[in-house]
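Remember, predicted model here, so these are calculated numbers, not experimental data.
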Amino acid sequence: RMAEAVVWRCGPHVVPLRRRTLVMGIVNVTPDSFSDGGSYSSVDDAVKHATQMVAEGADLLDVGGESTRPGSEVVPPDEEMHRVVPVIRRLADDLPDFPVSVDTRKSDVAAAALDAGATIVNDISAGGDPAMFGVVAETGAGLILMHMKGEPKTMQDDPTYYDVVAEVRGFLGDRIQAALAAGIDLERLCVDPGIGFGKTLEHNLLILRDIRAFHHLRVPVLVGPSRKRFIGTIIGAEVDDRIEGTAGVVAWCAAEGVDIVRVHDVKEMTRVVRMVDAIARARG
């Protein structure tokens with residue numbers, strides 16, 4: 001099962017894949033993020049939270065300064081930089097060998113974050129900013145290309161697809177080609193089908209059910225299901241009470257060979273992944 005050893009190159013980091021599912025910890029430095037907004041708004045708090053995630057088993061960190069939950073407003077680039085750059089700079093100093101991602105769709109924010117020590121750009125718009133690919137190509141950063149239908153403000157208004165898995169995979173394949181054409185190496189790319197970004201409950205479930213289809217793109221696959229609304233709908237739980245539902249999705253992803261899961265609850269999800277990986281990769 002997926003025996004080939006694959007790596008994801010992110011700046012100087014070589015992230016090993018396919019041996020187990022990696023856990024990316026979410027560090028939100030936004031006053032209004034849907035899930036832990038306001039809890040870690042100061043630099044010290046954010047760095048402390050991130051360091052704790054590393055101690056709990058995170059393999060990567062993802063620092064974001066713009067909430068992209070449904071209905072959210074765009075944050076001006078200078079405000080977003082003001083939020084994320086000090087946190088990234090501290091993390092790069094404190095954890096020099098650790099891959100830190102900046103969650104942004106703005107090329108100038110990405111450039112400032114990479115300059116401060118980030119080595120990955122997690123772009124929910126998959127290069128929607130025309131200058132983004134150039135910034136990534138120039139720095140040799142890793143790049144996560146995500147599928148989103150529309151904009152965060154309106155994406156959940158009435159998303160429709162003829163065949164959601166085929167369309168999302170087709171879009172990501174096109175964005176990989178565009179990134180390659182812009183001079184970014186295939187080994188630096190990763191894809192994310194964008195659970196909850198312009199998708200109904202059924203769309204999210206179909207993507208997860210057929211998540212193996214995304215391995216055909218020949219780059220690592222990342223899934224970010226953590227605490228999302230579709231989980232709340234299925235298990236009947238508010239946003240701060242979705243840990244078991246998130247664990248169910250994370251376990252499924254690990255069993256299906258997803259390379260990276262992006263989560264808030266690092267300690268618990270690291271344990272879930274470790275257990276499922278042990279079963280999925282058992283040799284007898």
Looking at His216 and Arg169, would you say the former's side chain and the latter's main chain have a donor-acceptor pair under 3.5 Å? no

Ignoring hydrogens, what is the shortest heavy-atom contact between Leu114 and Ala118? Give both atom names and the distance. CD2-O, 3.3 Å

Between the side chain of Lys48 and the main-chain N/O of Ala46, is any donor-acceptor distance below 3.5 Å? no

I need the full list of side-chain hydrogen bond (donor to acceptor under 3.5 Å, both in side chains) pairs touching residues 201-211, with sequence neighbours left out, sorted by first then second residue. Thr200-His203

Can you pull the side-chain hydrogen bond (donor to acceptor under 3.5 Å, both in side chains) pairs that have at least one residue in residues 170-182, sequence neighbours excluded? none

Pairing residues for Val54 by the side chain to side chain contact (heavy atoms under 4.5 Å, CB included) criterion, not counting sequence neighbours: Leu61, Leu95, Phe98

So the side-chain hydrogen bond (donor to acceptor under 3.5 Å, both in side chains) pairs with at least one residue in residues 180-194 (sequence neighbours excluded) are Arg9-Glu187

Nearest 0.5 Å, what's the CD1-CG distance between Ile231 and Asp241? 11.5 Å

Exercise answer: donor-acceptor pairs, residues 127-146 side-chain atoms, under 3.5 Å, sequence neighbours excluded:
{"from": "Asp129", "atom 1": "OD1", "to": "Ser107", "atom 2": "OG", "distance (Å)": "3.4"}
{"from": "Asp129", "atom 1": "OD1", "to": "Ala131", "atom 2": "N", "distance (Å)": "2.9"}
{"from": "Asp129", "atom 1": "OD2", "to": "Ser107", "atom 2": "N", "distance (Å)": "2.7"}
{"from": "Asp129", "atom 1": "OD2", "to": "Ser107", "atom 2": "OG", "distance (Å)": "2.8"}
{"from": "Thr139", "atom 1": "OG1", "to": "Val135", "atom 2": "O", "distance (Å)": "2.9"}
{"from": "Thr139", "atom 1": "OG1", "to": "Val136", "atom 2": "O", "distance (Å)": "3.2"}
{"from": "Thr139", "atom 1": "OG1", "to": "Ala141", "atom 2": "N", "distance (Å)": "3.4"}

Do the side chains of Phe171 and Lys149 get nearer than 4.5 Å, heavy atoms only? no

Taken to the nearest 0.5 Å, the spacing of Lys153 NZ from Arg69 CZ works out to 9.5 Å

Show your working on salt bridge (charged side-chain N to carboxylate O under 4.0 Å, His left out) between Arg105 and Glu80 and close with a plain yes or no. CA-CA 11 Å; Arg105 48 187 167 151; Glu80 196 179 331; over 6 Å; no

Output yes when a side-chain donor or acceptor of Glu167 lies under 3.5 Å from a complementary backbone atom of Asp163, and no otherwise. yes

Quick one: does Ser226's side chain have a donor or acceptor within less than 3.5 Å of a partner on His264's backbone? yes

Would a distance-only check, ignoring hydrogens and angles, find a side-chain to backbone donor-acceptor pair under 3.5 Å from Arg283 to Arg281? yes

When you group the ILVMFWY residues by side-chain heavy-atom contacts below 4.5 Å and let the links chain together, are Leu172 and Ile124 in the same group? no

Evaluate side-chain contact (heavy atoms from CB on, under 4.5 Å) for Ile260 paired with Trp8, printing each intermediate quantity in order. CA-CA 11 Å; Ile260 305 164; Trp8 182 29; 3.6 Å; yes

Spacing of Leu222 atom CG and Asn122 atom CG [to the nearest 0.5 Å]: 6.5 Å

For Pro152 and Thr68, the nearest pair of non-hydrogen atoms, with its separation, is CB-O, 3.7 Å

Just by distance, do the side chain of Lys106 and the backbone of Met81 share a donor-acceptor pair under 3.5 Å? no

Has Thr154 got a side-chain atom pairing as donor or acceptor with Asp157's backbone, closer than 3.5 angstrom? no

Find out if a path of hydrophobic residues (ILVMFWY) with successive side-chain heavy-atom gaps under 4.5 Å connects Leu186 to Ile184. yes

Between Thr104 and Val109 (side chain of the first, backbone of the second, donor and acceptor by atom type, cut-off under 3.5 Å), is there such a pair? no

Correct closest heavy-atom pair for Ile195 and Gly224 would be CB-O, 4.1 Å

Indicate the atoms forming the closest heavy-atom contact of Pro16 with Val7, along with that distance. CA-CG1, 4.4 Å

Are any side-chain N or O atoms of Asp259 and backbone N or O atoms of Val221, one a donor and one an acceptor, separated by less than 3.5 Å? yes

Distance-minimising heavy-atom pair for Gly65 and Thr30: C-CG2, 3.1 Å

Decide yes or no for Ile211 and Pro193: does some side-chain heavy atom of the first lie under 4.5 Å from some side-chain heavy atom of the second? yes

Rounded at 0.5 Å granularity, tell me how far OG1 in Thr160 sits from NZ in Lys199. 12.5 Å

Answer whether the closest heavy-atom distance between the side chains of Ile176 and Arg218 falls below 4.5 Å. no

Are Val87 and Val121 connected into the same hydrophobic cluster when the rule is that any two of I, L, V, M, F, W, Y join if their side-chain heavy atoms are below 4.5 Å apart? yes

Keeping Glu66 on the side-chain end and Val75 on the backbone end, is there a donor-acceptor pair under 3.5 Å? yes

Looking at every heavy atom in both Met53 and Val266, which two are closest together, and how far apart are they? O-CG1, 3.5 Å

Distance in Å, Asp103 CG paired with Ile120 CD1, rounded so as to fall on 0.5 Å steps: 11.5 Å

For a 4.5 angstrom cut-off between non-hydrogen side-chain atoms, does Val47 reach Leu91? yes

Please set out all donor-acceptor pairs under 3.5 angstrom arising from side-chain atoms of residues 244-254, sequence neighbours excluded.
{"from": "Thr246", "atom 1": "OG1", "to": "Arg227", "atom 2": "N", "distance (Å)": "3.0"}
{"from": "Thr246", "atom 1": "OG1", "to": "Arg242", "atom 2": "O", "distance (Å)": "2.9"}
{"from": "Trp252", "atom 1": "NE1", "to": "Leu208", "atom 2": "O", "distance (Å)": "2.7"}

Quick check on the hydrophobic clustering: are Val168 and Leu189 connected, directly or via other members, by side-chain heavy-atom contacts under 4.5 Å? yes

Can you tell me how far the CZ atom of Arg262 sits from the CE atom of Met269, to the nearest 0.5 Å? 14.0 Å

Minimum side-chain heavy-atom gap Asp59-Val15 below 4.5 Å: no

Sort out for me which residue in Val23, Leu17, Leu22 forms a side chain to side chain contact (heavy atoms under 4.5 Å, CB included) with Arg20. Leu22

Is it the case that one hydrophobic cluster holds both Val165 and Met148, taking links as side-chain heavy atoms less than 4.5 Å apart, direct or via other members? no

SB check Arg90 Asp44 (cutoff 4.0 Å): yes

Going by heavy atoms in the side chains, are Thr270 and Arg274 under 4.5 Å from each other? yes

